[in-house]
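In the text below, chain A, chain B and the rest are named by the order of the sequence lines, each starting its count at 1.
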2 protein chains.
Amino acid sequence: MLSERQKMILTAIVDDYIRSAEPVGSRSISKRADVSFSPATIRNEMADLEELGYLEQPHTSAGRVPSNKGYRYYVDHLVTPGGVQEEDVRRIRSFFAEKMTHWEDVIGHASTILSQLTNYTSIVLGPEMFTTSLKHFQLVQLNEHSAVAIIVTNTGHVEHRPVTIPEGIEIHDLEKMVRMLNDKLIGVPFIRVKSVLHSEIASELARYVDRCEEILNVLEQSLADQKDPRVYLSGAANMLSQPEFKDVDKAKNILDVLEETTKLSQLFSSAPGGIQVKIGTENTMEAINQCSLITATYTLDGQSLGTIGILGPTRMEYGKVISLLDYLSQDIAVLMSRWYK
Amino acid sequence: MLSERQKMILTAIVDDYIRSAEPVGSRSISKRADVSFSPATIRNEMADLEELGYLEQPHTSAGRVPSNKGYRYYVDHLVTPGGVQEEDVRRIRSFFAEKMTHWEDVIGHASTILSQLTNYTSIVLGPEMFTTSLKHFQLVQLNEHSAVAIIVTNTGHVEHRPVTIPEGIEIHDLEKMVRMLNDKLIGVPFIRVKSVLHSEIASELARYVDRCEEILNVLEQSLADQKDPRVYLSGAANMLSQPEFKDVDKAKNILDVLEETTKLSQLFSSAPGGIQVKIGTENTMEAINQCSLITATYTLDGQSLGTIGILGPTRMEYGKVISLLDYLSQDIAVLMSRWYK
DNA sequence: GTTAGCACTCAATTGAGAAGAGTGCTAATG
DNA sequence: CATTAGCACTCTTCTCAATTGAGTGCTAAC
């Protein structure tokens, strides 16, 4: 357990370091208006904090730098989110005031505004389809053996995927099928579509239609969940303005990761609800061991739809980013729910 | 007009510089197997080439570096495309052998493989819709005032956009309308859809349907061409491996541009058919004045569908990239045409 | 418990010298 | 007369040592 003074000093050091990116010395802390101790006293406390693992020294004659453990303590106990600046709120408003025609636009805009307001990199995972329900299903035939399956969800989201029609299947049968699907499946949440397909429909189907197995396959294929959720990335180049990545090689390692969307969605995979902060080596991916990732989920009717996140150096403005993500995730939720009506 | 020997020396210097990124001295040229002149002779020629504007000297006691004019001459008269390496052909094959379900997949894959094979940044502009024709049109109603328009092209490409239904329009009328559209418009190239809509359909429509103007608006809105073609970017981080951009600030300027897809499509706007090379300051955009952009269009039945391009430093492997773009643009054309059938 | 004082450490900066790469010019050469 | 050897000269880059300065840790005094 840290004393009040230790907390105060740790806060001061983290805040200072976040601002300046330079190791913080005892003198500069002691000079702060709200501090009334001499550098020597601060030094003693700093030595203690270092022994406890909250601070580190790049080398003996430098100031102190927060360790990962230090940041963790700061995030858990010291930081004051402090809300979103008025200016930022205004910019978000005006950004979302634009006419957005597709669902994806909301997400894309959110990603852009996040990176602009923070000067970090923003990563946003689009809503996954299975959280919604089926509104309309249709097959459009292109030629003898191929068609496009079109799925519209209750939220107006449209998915489409090409389908191969097996040899010898009657178009007639397929159409019958699609009609039946629209009767039975509309309103069913995607999460349950598959089971309903098998339990309620398969049996009935077998009576009317030849080779129903194959047709079922086609349907399952077209209703299958998309593999990877869409990833929206914005402000990747902002990484380059961080002094810790002025070394091009380090920067390249990170940007390489950012280009692989599959890796990015992995990064988010373990995100629970609410706001989560992963600091430095808490991230399993080695390339971003010097980064922190803050994520928030946006929800609709209590159900998690997707995730928005900010990636920056461990020396990140935690308070600001946390407030912002909190605010924006709720904003997105509101926008989504409007869409919903 | 350059003498044969000058051409040879210019070629040697450009080739050397592309390989090494270091100013090329007279000695290193003279040591090449196919050169039988002393350094002094080379120096004389180099001085001449510099006076003519083909070479530059970073400082008096350094070797020579090609100027933009030098690269231009090299690209126009000296470079030998030399075809695509067998290894590369194999990798392209295996990459395209993957099952690609959407049209966008082809383009996305092309972008990825391009950046991987060249270690530069690849930019690919997706095919624009208006080059295809209408296969199927449909409105799916979501609630009283909104619907989703779904457009399927003959190539299996699906577009969808939300539509607002004006107050007081009969669903019935809308449906009639859609049926009529499907009768009249299927097979019509998008480029002509608008005019057909007005000339053949508007008049007939007016007879059957109330408030036809408004409905026509809805339809036009839903059939309107997408504003900006999709941009696929790959290997942006490769810029960081170029020695000329080891300075983070320079790199950031470029990456910032790459993040703005609208700017990217502008970049391509002036691309004519065939292969085009824009060297250094020939690019109007200032941030990429130290880059070269090579573009190629891919066509279907003689009609340009889209553009693939490579952005790299002016010190780029022009021969290799030109061959590769040429090869790949034809490959894409073939893939697209298969899709077409 | 706090602080002034001081010796000590180590990175960063500076400057001088040496090394090296390459040039331009001149004069010799085949 | 084109080519080339020779040489002085230029300019960058590297290295090394000295200096500077920020910051610490410890001790002794308050």
Side-chain angles (χ1 to χ4, degrees), chain A residues 1-10 12-17 19-67 70 243-244 246-247, chain B residues 1-10 12-17 19-67 70 243-244 246-247:
Chain A
M1 188 57 198
L2 298 184
S3 72
E4 281 310 308
R5 194 166 71 186
Q6 283 175 321
K7 285 184 192 173
M8 192 265 282
I9 290 175
L10 181 54
I13 290 176
V14 175
D15 283 341
D16 240 49
Y17 186 63
R19 226 183 3 83
S20 69
E22 306 267 291
V24 183
S26 56
R27 244 178 74 83
S28 67
I29 300 264
S30 135
K31 266 191 291 193
R32 289 168 67 117
D34 54 337
V35 175
S36 54
F37 304 99
S38 75
T41 310
I42 311 278
R43 276 206 291 283
N44 288 331
E45 296 283 28
M46 278 160 85
D48 289 349
L49 284 170
E50 183 171 0
E51 204 167 354
L52 291 169
Y54 296 105
L55 297 178
E56 281 169 356
Q57 249 179 328
H59 52 266
T60 39
S61 74
R64 299 304 207 292
V65 161
S67 67
E244 32 268 274
K246 72 170 193 297
D247 175 16
Chain B
M1 189 57 196
L2 299 183
S3 72
E4 281 311 309
R5 193 167 69 185
Q6 283 175 321
K7 286 184 191 173
M8 192 264 281
I9 289 174
L10 182 54
I13 290 176
V14 175
D15 283 341
D16 240 50
Y17 186 63
R19 227 185 1 83
S20 68
E22 307 266 291
V24 183
S26 55
R27 244 179 75 85
S28 66
I29 300 265
S30 136
K31 267 190 290 194
R32 289 166 67 116
D34 53 337
V35 174
S36 54
F37 303 99
S38 77
T41 311
I42 311 276
R43 275 205 292 282
N44 289 331
E45 296 284 26
M46 277 159 87
D48 289 350
L49 284 170
E50 184 172 0
E51 203 167 354
L52 291 169
Y54 296 104
L55 296 179
E56 282 168 355
Q57 247 180 328
H59 51 266
T60 39
S61 74
R64 299 305 205 293
V65 162
S67 66
E244 31 268 273
K246 73 170 193 296
D247 174 17

When rounded to the nearest 0.5 angstrom, what is the spacing between CD1 in I29(B) and NZ in K31(B)? 11.0 Å

Main-chain N/O of D16(B) paired with S20(B) side-chain donor or acceptor, under 3.5 Å: yes

Residue R5(B) excluded, over 12 heavy atoms near CZ under 6.0 Å: yes

Measuring from atom CZ of R43(B) to atom OG of S38(B), what distance do you get when rounded to the nearest 0.5 angstrom? 7.5 Å

R64(B) and L49(B), any side-chain heavy atoms less than 4.5 Å apart: no

Give the stems involving DNA chain C, where a stem is 3 or more consecutive Watson-Crick or G-U wobble pairs (i with j, i+1 with j-1, and so on) under 3.5 Å. C:1-30 with D:1-30

For residues 39-65 of chain A, which residues have at least one heavy atom under 4.0 Å from DNA chain D? R43(A), M46(A), Q57(A), T60(A), S61(A), A62(A), G63(A), R64(A)

Can you measure I29(A) atom CD1 to dA22(D) atom P for me and round it to whole angstrom units? 17 Å

Evaluate the side-chain contact (heavy atoms from CB on, under 4.5 Å) criterion for residues M8(B) and V35(B): first the C-alpha distance (whole Å), next the side-chain angles of each, then the deciding distance (0.1 Å), finally the verdict. CA-CA 9 Å; M8(B) 192 264 281; V35(B) 174; 3.9 Å; yes

With a 4.5 Å heavy-atom cut-off, do L2(B) and Y54(B) have their side chains touching? yes

Whether the side chain of S26(B) engages the backbone of I42(B) through a donor-acceptor N/O pair (distance < 3.5 Å, no angle test) should be reported. no

Quick one: how far along DNA chain C does chain A reach, first to last nucleotide 5' to 3', anything under 4.0 Å to a heavy atom? dT2(C) to dA11(C)

